[in-house]
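Taking it in order: structure first as structure tokens, then the write-up.
Positions are given from 1, in the same order as the sequence printed here.
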Amino acid sequence: MGHTPYGYRIANGKAVIDEDAAAKIRKLYEAYLAGSSFQAAANEAGIEVKHCGAKRMMANHHYLGDDFYPAIIDKETFDKAEAEKQRRAEALGRLSSKKDKPAQAAPTHFHFEKPEKNYDDPRLQAEFLYDLIESEVV
């Protein structure tokens, strides 16, 4: 099956909640929503991970419950944490603003001089002709 997410253990072939770890997961969400950073929230919850590990844990949809994993947190808490993460990213200017840049069109007008050489080998002739192509800067 692969990696079992933090907060669960496998018993008799089924995922069951590890209550001690699940309490830490709930505390992680609670601390983050109270204003702590990912790293600080993990520390408050007693989970030894860096900020990126805490962020990945909080993005794990298994904590909402699915066919195999029972729910540890409710959808409302998960959605609030996602909204808070988005709000903080916007406030810090960490969202990509690539949409603001105009798309550059690829050159579509080309010309080349009449070939001075003709090769008997079609591959060499094509290579020579491609070297003559110049794009027009508009």
task: For the pair F68 and Y8, evaluate side chain to side chain contact (heavy atoms under 4.5 Å, CB included) and give the outcome as yes or no after the intermediate values.
output: CA-CA 11 Å; F68 189 74; Y8 297 102; over 6 Å; no

query: Given the rule in the side chain to side chain contact (heavy atoms under 4.5 Å, CB included) test, do R26 and I72 qualify, once you have shown the distances and angles that lead to the verdict?
result: CA-CA 7 Å; R26 291 182 193 104; I72 291 179; 4.1 Å; yes

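For A31, the side-chain contact (heavy atoms from CB on, under 4.5 Å) partners at least two apart in sequence or on another chain are S36, A41, E44. Every residue was checked against the salt bridge (Lys or Arg N to Asp or Glu O under 4.0 Å) condition with E90, not counting sequence neighbours, and none meets it. Every residue two or more places apart in sequence or in another chain was checked for a ring-ring contact (aromatic ring centres under 6.0 Å, His included) with Y29, and none qualifies. The side-chain contact (heavy atoms from CB on, under 4.5 Å) search around N43 returns Q39, not counting sequence neighbours. Taking F38 as the reference, Y32 meet the ring-ring contact (aromatic ring centres under 6.0 Å, His included) condition, with sequence neighbours excluded.
Side-chain contact between H61 and D66 is absent, with no heavy-atom pair separated by less than 4.5 Å. Side-chain contact between R88 and E84 is present, with at least one heavy-atom pair separated by less than 4.5 Å. Residues K80 and F78 are not in side-chain contact: their nearest non-hydrogen atoms beyond the backbone lie 4.5 Å or more apart.
Going from atom CD of E82 over to atom NZ of K75 covers 9.0 Å, rounded to the nearest 0.5 Å. Of the inter-residue distances, the one linking E48 atom CD with K24 atom NZ reads 8.0 Å to the nearest 0.5 angstrom. Note: I73 CD1 to L28 CG = 9.0 Å, rounded to the nearest 0.5 Å.
Atom NZ of K55 has 12 or fewer neighbouring heavy atoms from other residues, nucleotides or ligands inside a 6.0 Å radius.
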Which pairs would a plain distance check flag for residues 9-21, meaning a side-chain donor or acceptor within less than 3.5 Å of a matching protein atom at least two apart in sequence or in another chain?
unit_1	atom_1	unit_2	atom_2	d
D18	OD1	D20	N	3.4

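The shortest non-hydrogen separation linking A81 to M58 is CB-CE, 3.8 Å.
At a threshold of 4.0 Å, the pair R123-E127 counts as salt-bridged, since one of the basic side-chain nitrogens sits closer than that to a carboxylate oxygen.
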